[in-house]
Protein chains: 2
Amino acid sequence: MISVDTSERLIETTRDLLWERGYVGTSPKAIQQRSGIGQGSMYHHFDGKPDLALAAITRTAEELRAQAEAELTGPGTAVERVAAYLRREREVLRGCPVGRLTQDPDVMADPTLRGPVQETFAWIRSRITDVLNEGRERGEVDAVLDPVATAATVVAVLQGGYVLARAAGSVEPFTQAIDGVLGLLTPRA
Amino acid sequence: MISVDTSERLIETTRDLLWERGYVGTSPKAIQQRSGIGQGSMYHHFDGKPDLALAAITRTAEELRAQAEAELTGPGTAVERVAAYLRREREVLRGCPVGRLTQDPDVMADPTLRGPVQETFAWIRSRITDVLNEGRERGEVDAVLDPVATAATVVAVLQGGYVLARAAGSVEPFTQAIDGVLGLLTPRA
DNA sequence: GTCTATAAATAGATAGAC
DNA sequence: GTCTATCTATTTATAGAC
């Protein structure tokens, strides 16, 4: 049994706290207490809160992208792959760990922290645009639809679905929003 | 020239700060400094931060609802009224002043503060469902679509559009997401 | 590498004078 | 109603011993 590396534990704890409380709402002290790692260790491994947050945000963004890539590259028609992405199992009531950072003033004000957030959303919109374009060529998606706009809609429904679910305290509106956009995407006679 | 009432100014300043920085990121001191009102006055008029925040959130929720009601009650087909609502002029990069509160852990943890947020989203989803149902009866909306799910999608696109815009630092993806969902809603031959 | 001590600034009030 | 003083806890570290 090798004990988990200290830096590693700090990063994972920070990821959790950023997800739960955001950057503004997460103090170094809270990270130390939840991780069980002392002040001295934390400041030995990281320069401070922004440095640790950058490590956490970067990892969260990478995981999110890898997961999305897997679903969008899978088998099936364009609409089926988008559906696989949207319907993947999620911790809906916790919200999106990357999307929530867009509401964090101190993250958005710092170009370094903001970078991964910006890139993640630029990437996913572009990736879904590609899927829709393929689908259009294959006749799986109505040719009247603009792939760029439709891709933005798909990503927005996901992000907005989280908002509705948290407001309601229930997964239901999230599921409805996803069902709704897939209903709209499905080609009709 | 009658000077603006002190409570009034405190509420308006708090509304601004909640919009900009959220509840967790807004201190009583910041409210006092921005409003130019002293500590003693603030605590004379309000019990404390939660009390003042409740007044601010309640007013923001009421305004948002009144605005939406006006657009959704206007003339035109169901899709036109939904378009009027979605395309209303907005300060997109500031985000939604109610939706952003769903990311605030201390707001969501307090039933009193959370109430107006929950009610606002329940109301708007229900109101748009009604519009879509009317549209369906009049043949303005494809009968194959589920009005409840489609209404959730419409609201989610708006909320998610804000997220995309803030992530990108640009209104463009917001506009694309709105255009995308209206494209999907428009009846096709 | 980790621990404890120290510290300036802020958060969120309360108390009492005016 | 408004102002200043005071107060406890937290925030975000730095310094130096071990």
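Naming convention: chains lettered A, B, ... in sequence-line order (proteins, then strands); numbering from 1 in each chain.
- For the side-chain contact (heavy atoms from CB on, under 4.5 Å) with V141(A), the qualifying choice from T150(A), N133(A), V79(A) is V79(A), the only one to do so.
- Regarding R9(A), its CZ atom lies at a distance of 10 Å from the P atom of dT2(C), rounded to whole Å.
- The salt bridge (charged side-chain N to carboxylate O under 4.0 Å, His left out) contacts involving residues 19-36 of chain B comprise D106(A)-R21(B), E20(B)-R34(B), where partners must be two or more places apart or lie in separate chains.
- Remark: R94(B) is positioned above the aromatic ring of W19(B), its terminal NZ or CZ atom under 6.0 angstrom from the ring centre and at most 45 degrees off the axis.
- Listed by first and then second residue, the ring pair (Phe, Tyr, Trp, His ring centres under 6.0 Å) pairs involving residues 134-183 of chain A are Y162(A)-F174(A) (not counting sequence neighbours).
- The CG atom of D106(B) sits 9 Å away from the P atom of dG12(C) (whole-angstrom rounding).
- A cation-pi arrangement, defined by a distance under 6.0 Å to the six-membered ring centre and an angle within 45 degrees of its axis, is present between R90(B) and Y85(B).
- What separates CD of Q32(B) from P of dT14(C) is a distance of 13 Å, to the nearest Å.
- If you take CG of D51(B) and P of dT14(C), they are 12 Å apart, rounded to a whole angstrom.
- In this structure, Y23(B) places its OH atom 10 Å from C1' of dG12(C), rounding to the nearest Å.
- Counting only N and O atoms by type, the side chains of Q67(A) and E71(A) include a donor and acceptor under 3.5 Å apart.
- Contact check of residues 39-49 of chain A against DNA chain D (heavy atom, cut-off under 4.0 Å) returns Q39(A), Y43(A), K49(A).
- When rounded to the nearest whole Å, the span between CD1 of I37(A) and P of dC3(C) equals 9 Å.
- The distance between atom CZ of R21(A) and atom C1' of dT11(D), rounded to the nearest whole Å, is 13 Å.
- T6(A) has a side-chain polar atom (N or O) that falls below the 4.0 Å cut-off from OP1 or OP2 of dT2(C).
- For dT11(D), the OP1/OP2 oxygens have no side-chain nitrogen or oxygen of K29(A) closer than 4.0 Å.
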